[in-house]
Amino acid sequence: MSSEDLATKYNSKETEVKWYSYWESQGYFHPKSDTEGKRFRDSRYVIVIPPPNVTGILHMGHALNNSIQDILIRWNRMKGNDTLWVPGVDHAGIATQNVVERKLAKEKKTRYDLGREAFLQEVWKWKEEHGNTITRQLRRLGASCDWSRERFTMDEGLSRAVREAFVTLYERGLIYQGHYIINWCPRCQTALSDEEAAHKEVEGGLYHIKYPIAGKGRQVRQTEVGQAEKVGEDHVVLATTRPETMLGDTAVAVHPRDPRYRHLVGKKVILPLMEREIPVIEDEFVDPEFGTGVVKVTPAHDPNDFVMGQRHQLAQINILNPDGTINQNGGAYVGLDRFEARKRVVEDLKARGLFIRRDSHLHAVGHCYRCNTMIEPYLSKQWFVRMRPLAEKALAAYYQGKTKFYPDRWTKVYLNWLEGIRDWCISRQIWWGHQIPVWYCDPCLEISSDKKKQGIIAARETPAQCPDCGNKNLRQDPDVLDTWFSSWLWPFSTLGWPDATDDLKYFYPTSDLVTAPEIIFFWVARMIMAGLEFLQEVPFRRVYIHGTVRAQSGFKMSKSLGNAIDPLEVIEEMGADALRFSMIMLSAQDVYLSREKFEVGRNFTNKIWNASRFVLMNLKDFSGGRLDLDLDLSKLSLADRWILSRLEQVSSAVENQLGDFGLSQASSELYHFVWNDFCDWYIELSKPILASVEKSKKEATQKVIFFVLERILRLLHPFMPFISEEIWQKLKAKACDQNLWPLTLSLASWPHEKAKRFENPEAQKALDILQRAVKGIRDLRLRLQLPPTQKLSAVIASDQSEILSVLKDHEGQIKILARLEGFDLKPSFEKTKAFVANAFSDFEVFIRIEGLVDPVKERGRLEHKIAEARSRIDLIQRKLADPDFTAKAPESLVQKEREKLVDAQRVLKSHEAHLELFQ
RNA sequence: GGGCGAUUAGCUCAGCUGGUUUAGAGCAUCUGCUUUACGAGCAGAGGGUCAGAGGUUCAAAUCCUCUAUCGCCCACCA
């Protein structure tokens, strides 16, 4: 085997390593920022990667997300745009801290044993050792990121950006600190944002409890029969899903217009177990329809109760420790875990005769999105971003058409969220992350009893002393910021913000954002707000939301569910190109994966490889390949003109699809073109010419096949970068104009020309005739179970001379493709019993069988065909008989129906005539 | 409780703004094949009243309404 040949089998592993390291080392993914204006800003194409977590390992969701981005990036790079794909990794505060804490736990240590400083060193160490797993894996996928611009949300520059953003917002009055009910994860022991509290339906209980009315002797009127259970002589019944929180109750509430309880308002009840008197208040919030119409009010442990508590100036009693155990405010229950406390509270209520019943109750409960622990609404002091003003800007930008969502239905989701936006709790009680750039001066804090910010210093640079009193002993807020507080700056922080770098000037705003629906709120919406707030410009023009990857079972694919397919295993086994192509083809909507689904891509790589082998084998004596075709088109064979015409159609279809994020449609367009048109027909039609001794004809076909394959590889390259490059390089060796060729396919130009120089409807029509003739004969041979070795001869009859001449011109090829000994062409043909036939509207094919066929079978076949034709004719006739149709449908359509009718009738007549012979 | 998506051949899915589609593809099934690249292949075949019911229209898988089943997202009803 000479070096210009392709091996019998495609070696994906070797190829992938070879080309990826070449591309990367040559800096092909590294655009320069061109602020000189040598190029138009319109010719930029920029994507920032959704930064995977440092703790992440590549899963199928990443594989899909990054394959899509890489296709868009490579496509744009080939189109000659200044194309930048900014990669990077997210520090993933809670997730990463959890990982390191788990590691410590194995050594029976906690983070508190180490202390903050030493713990953070541990995390950094972990990051150095394991943090580049995901970026290595992205390279294996083929992701053509500019690694020289790789960022980490905790690196120096991004940390600066975070401080800048925080302090700017603080100065604009958009950041505040306050005591509010937030979502608290007792396991992670930190606050969470609303978005981080994943609501899940849980089968819980609705506990009915009696609260005695204070001041015995006061009679409670029996309202109606049937209400007895709700309003007794000396108590009120209420319902709760979390009985243990009663320890912190500071009121009981009813609806102001609820007649059942009017008389109770203003009275007091005795909080059982705590033996505390609490008031009965009225509040519109209470739904008389729910439960008994009476609500216990726990301002420190329920968001609604908190608000209600503020309206009525109720005390807030926090009964929980940060770890979810009951604190000293919980009386006898101190120290118990919240769920244990629930049991005990219920038992004790039962013992006192105050427990009525537990109904089972389905309700949504928040769970920590990191560790899935049930969240507690918890009153604590946290930092918040006032989101309304930011959301207003984002809404305005949307209505100005600044950012568009694809598919469009996501805009509604996005807008709804913005319209109902709530403040963002950004402080986290963990250590791994950006520590809040706020310092306290304790002496000043003590002095300022009013609500001024005295003693609180938010600063970009660590302050040396208090600006008011000069105290040098400042204490930084121990909390860190929500991870998303750095992610929301990603599109510009990665480009150098807050510095006005060349990159920022040239590449911001970016072009597209490609991501999954899960993080529209977490990330996409916030990035848009941040972009508008800090740079007065939307961070990207278009947002492409692709489908979710699921296991075949329909569940989300995840390692913890054990239903994950490891993309690296697939790459190992079938190659990155196979993985990418399979996923993209399936990605028209949510992707349900199973192992077998990757076979499409694998088979396709195999097909491409072998077709290319064939081409290269037939170019042994050839070195006249060119980037552009230097042939007189009119002198090319029909097959050549046809494939060129199809190539052009497909190129522009792919171009159009890609422009609209129709990657799946584009990939399947290419798949069918390569497989069905190029391999099944064009290569087959070329074989006799390539084998012929007629040098000029052979050379012309060599040129065309070379040209078409080269274009195919370019079209395929964004989807399948490795195999296309490997073959392309071999092809390049056959070119006579190599000096015009780029060093790598990834820098070749995208083959889309506006001038339709190859468009050729005549060739397409002629080839269609040829294909039908061949298929018609093949069908007969198989249908009649004629032995393959049986020599056959055929007759093709048509009253259209153009058809006859097309077939005449390609006699040799038809003989090979249909495996005929020979055939005659006739303007008309008298059928005899010695023939079987297939009829088309414009011609008939006959095969001489000389009694080889069973007349009964043949009759059956013909009757079936006749029935088919009749039902078709019937359908068309009914349509044409409808006066509404002929009157209202466009004339061209009616005309078409008439033609269809004539065609169908011809087919019918042919079959009928033939059937008669076999009667 | 709201919103969104799905429902098309045994399986997995295309079918975008109604009319060249007699509703397609891939896998699976069946038949045949050492045809000078590919059996991960080649050549054929069978298989669907497009979830159901209404409606709009000359014309509906495609647009509208309702229903059913499945899935996702959002939501402070204790």
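Throughout, a chain's letter reflects where its sequence line sits, starting with A, and its residues are numbered from 1.
On the C1' atoms, U21(B) is 14 Å away from A25(B), given to the nearest whole Å. With both ends at atom P, the span from G55(B) to A60(B) equals 12 Å, rounded to whole Å. For the P atoms, the distance from A9(B) to A23(B) is 14 Å, rounded to whole Å. Remark: the separation of the P atoms in A28(B) and A40(B) is 10 Å, to the nearest Å. As rounded to the nearest Å, C13(B) and C72(B) have P atoms that lie 15 Å from one another. The same atom, P, is picked in C66(B) and in G3(B); the two are 10 Å apart, to the nearest Å. Remark: the separation of the C1' atoms in C4(B) and U57(B) is 28 Å, to the nearest Å. For the P atoms, the distance from A53(B) to U8(B) is 15 Å, rounded to whole Å.
In this model, no donor atom of one side chain and acceptor atom of the other lie less than 3.5 Å apart for Lys607(A) and Thr605(A). Side-chain atoms of His312(A) and Asp283(A) include a donor-acceptor pair closer than 3.5 Å.
Distances from the side chain of His199(A) to the nucleotides A75(B), C73(B), C38(B) place A75(B) closest. The side chain of Asn603(A) has A40(B) as its nearest neighbour among U20(B), A40(B), A37(B). With distances taken from any side-chain atom of Lys412(A) to the nucleotides C4(B), A37(B), C38(B), the minimum falls on C4(B). Nearest nucleotide to the Asp287(A) side chain, out of C13(B), A75(B), C77(B): C77(B). Side-chain proximity of Arg409(A) to the nucleotides A37(B), C4(B), G26(B) is greatest for C4(B). When the nucleotides C38(B), C13(B), A78(B) are ranked by their closest atom to the side chain of Arg613(A), C38(B) comes out on top.
Position along RNA chain B of the nearest nucleotide to Glu289(A) versus Trp681(A) favours Trp681(A) as the more 5'-ward residue. RNA chain B is contacted by both Ser587(A) and Asn610(A); Ser587(A) maps to the nucleotide lying nearer its 5′ end (nearest heavy atom per residue).
Pairing partner, A14(B): none, since no Watson-Crick or wobble contact has both distances short of 3.5 Å. G41(B) and C33(B) make up a base pair, with Watson-Crick or G-U wobble contacts both under 3.5 Å. Across all strands shown, A78(B) remains unpaired; no Watson-Crick or G-U wobble contact has both distances below 3.5 Å. A 3.5 Å limit on both hydrogen-bonding distances identifies no Watson-Crick or G-U partner for U62(B). Summarising the base pairing, A23(B) is matched to no nucleotide, lacking a Watson-Crick or G-U wobble pair whose two defining distances lie under 3.5 Å. Of all nucleotides present, only A6(B) satisfies the Watson-Crick or G-U wobble test against U69(B), with each distance under 3.5 Å.
When the side-chain nitrogen and oxygen atoms of Lys775(A) are compared with OP1 and OP2 of A43(B), none of them lie within a distance under 4.0 Å. At A75(B), one or more side-chain N or O atoms of Arg422(A) fall inside 4.0 Å of OP1 or OP2 (strictly under the cut-off). The side chain of Arg778(A) places an N or O atom within less than 4.0 Å of a non-bridging phosphate oxygen (OP1 or OP2) of G44(B). Within the 4.0 Å cut-off from OP1 or OP2 of C38(B), not a single side-chain nitrogen or oxygen of Lys9(A) is found. For the pair His361(A) and C77(B), the criterion of a side-chain N or O lying under 4.0 Å from OP1 or OP2 is not met. In this model, the phosphate group of U22(B) is approached by a side-chain N or O of Lys900(A) to a distance below 4.0 Å at OP1 or OP2. Contact check, Asn416(A) against G3(B): no side-chain N or O comes under 4.0 Å of OP1 or OP2. Close to G2(B), at under 4.0 Å from its OP1 or OP2, lies no side-chain N or O of Trp417(A).
If you check every strand for non-hydrogen atoms under 4.0 Å, Pro890(A) touches a base. Within the nucleic acid shown, Val286(A) comes within 4.0 Å of at least one base atom, counting heavy atoms only. Heavy atoms of Ala588(A) sit under 4.0 angstrom from primed sugar atoms or phosphate atoms, though from no base atom. Contact annotation for Ala253(A): no contact, since no heavy-atom pair falls under 4.0 Å across all strands. Nucleic acid contact for Asp882(A): sugar-phosphate only, since backbone atoms but no base atoms lie under 4.0 Å from a heavy atom of the residue. Backbone-only engagement by Phe521(A) is indicated by non-hydrogen atom pairs under 4.0 Å involving sugar-phosphate atoms exclusively. Contacts of Ser668(A) with the nucleic acid, taken as non-hydrogen atoms under 4.0 Å apart, are absent. In this structure, Arg872(A) reaches the bases: a heavy-atom distance under 4.0 Å links it to at least one base atom across the strands shown. Backbone-only engagement by Gln665(A) is indicated by non-hydrogen atom pairs under 4.0 Å involving sugar-phosphate atoms exclusively.
Between Glu419(A) and Lys412(A) no salt bridge is recorded (no basic side-chain N to carboxylate O distance below 4.0 Å). With respect to the salt-bridge test (charged N to carboxylate O, under 4.0 angstrom), the residues Asp842(A) and Arg906(A) do not qualify. A salt bridge does not link Glu868(A) to Lys865(A): none of the charged nitrogens lies less than 4.0 Å from a carboxylate oxygen. Using a 4.0 Å cut-off between charged side-chain N and carboxylate O, Glu863(A) and Arg870(A) make no salt bridge. Salt bridge status for Arg878(A) with Asp882(A): absent, with no side-chain N to carboxylate O gap under 4.0 Å. For Glu897(A) and Lys879(A), the salt-bridge test passes: some basic side-chain N is under 4.0 Å from an acidic carboxylate O.
Put simply, the side chain of Trp410(A) does not reach to within 4.5 Å of the side chain of Val543(A), judged on heavy atoms.
The only option from Trp424(A), Trp417(A), Tyr369(A) that meets the ring-ring contact (aromatic ring centres under 6.0 Å, His included) definition with Phe521(A) turns out to be Trp417(A).
Glu891(A) places its CD atom 14 Å from the C1' atom of G19(B), with the value rounded to the nearest Å. Between the CG atom of Asp590(A) and the C1' atom of C70(B) there is a distance of 13 Å, given to the nearest Å. Note: CG (Asp779(A)) to C1' (G32(B)) measures 13 Å, nearest angstrom. In this structure, Gln589(A) atom CD and U12(B) atom P are separated by 12 Å, rounded to whole Å. Taking atom OH on Tyr592(A) and atom P on A14(B), their separation rounds to 11 Å, with Å as the unit. Atom NE2 of His672(A) and atom P of C27(B) are 9 Å apart (whole Å). Between His367(A) atom NE2 and C73(B) atom P the separation is 14 Å, expressed in whole Å. In this structure, CG of Leu875(A) is placed 11 Å from P of U20(B), rounded to the nearest angstrom.
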